[in-house]
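Per chain, numbering begins at 1; letters A, B, ... match sequence-line order.
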Amino acid sequence: MADDKSCTEETLYSGLSPSIVSHGSKLGLQARSMRQTDVVKSYLKRHLPANRLMANEDNISRRQVHLSRTVKKKKFDLTSQKKKKLTNRERKGMKVFKIPKENQSYSQQLPLHQAWKQYMEEVIPSSSVSSPGAVQAACQKVVKAELQGGMLTVQRSKCPSYVGVCGIVMQETRHTFTFITSSDKVKCVPKENSIFALELHGHIFTIHGSHFKVKAGERSSKKFKSKPTTDL
Amino acid sequence: MGKSAKQKGLGNKEAYQRINYLYQAAHLCLQQSPSNPEMCRFYINTMRSVAEKHVIRMHPEIKRSICKKCCMLLLPGITSISRNKKKGERYTVVSCLECGSVKRFPWGKNYQLWVEKPAAWQPS
Ligand SMILES: [Zn+2]
């Protein structure tokens, strides 16, 4: 059992050598604050069969699990190894991008929102939106910028229950926005027949959802034509 | 010739910023909630489609840290396993823990990436 002692967590995950650490601090690098146990637990939870995990959920740390032997979900079959990429339809079937509605928290998304603010500051500096002409140019940029991570509010909508929904955008698809509200609820709002408001540097940009129905990735290369505003 | 290249570079600036943000957002998401990788995947997928639409070549450092099959970020020890192997030529095998797909990177003496070639940095 001497081996066990020499193989404690400290020796396994020992830090970097001092020269690297000092060099990193000069550059202003920060360590990724990711707890090992969290990652392992969540990984096992997703990949182990349910009854095996239920038996002793508390002491996962003591179990020896060969990662390469874990039972793989049938959906990701290894026989299809030859074909490397998935088609969009296969992705949809596997629910690769489907966000579960449970166990989401608003506080976890706040760092993302901070990062988004920095990004928007880079794209549209707050000093550049002082004159009305500059705001017009900013509008063109907002249309092509990334909205995932931003704070949006549903200003008007054909369906009255959507009005007033405010939250951080988690996902943008061709026809919907998925929000997480401050009360930890995940809401999916269709773009059709809704008007969204985006606050930036003291200006409020209005987005007409009906004219905005493009995939998130393809939006930046699409040319938007000015259309007459629609009545709801 | 030089002028047009410059203008083209400026035009694509927003796309580069967007790719940069999406890559960082994917890292943040994985760090914040390791239990649901769906958001991380979605950001990577969006990033890829932006790059495809604007015909931007992603840096190999970024490209090699993405799973081709399930769009997951490959962080060694967290979402992937990387092992060095030798069969004639030496190479690194990175396998995705989520879907099990495998990437192989040779590192022979004569192996050169396009970014390492001086021609990649010359304005055309
Ligand atoms: Zn994968």
With chain B, the option among Glu122(A), Gln109(A), Glu146(A) that has the most non-hydrogen atom pairs under 4.5 Å is Glu146(A)
Practice task
Classify the angle between the aromatic ring planes of Phe179(A) and Phe196(A) as parallel (below 30°), tilted (30 to 60°) or perpendicular (above 60°).
Solution key: tilted
Whatever's closer than 4.5 Å to a heavy atom in chain B on Gln118(A) counts as neither
| said: Taking the cut-offs as 6.0 angstrom to the six-membered ring centre and 45 degrees off its axis, would you call Lys86(B) and Tyr91(B) a cation-pi pair? | reply: no
So the salt bridge (Lys or Arg N to Asp or Glu O under 4.0 Å) pairs with at least one residue in residues 108-117 of chain A (sequence neighbours excluded) are none
Query raised in the report: Is a side-chain donor-acceptor pair under 3.5 Å present for Thr173(A) with Thr176(A)?
Result: yes
If one checks every heavy atom of Gln17(B) against chain A at 4.5 Å, the contacting part turns out to be both
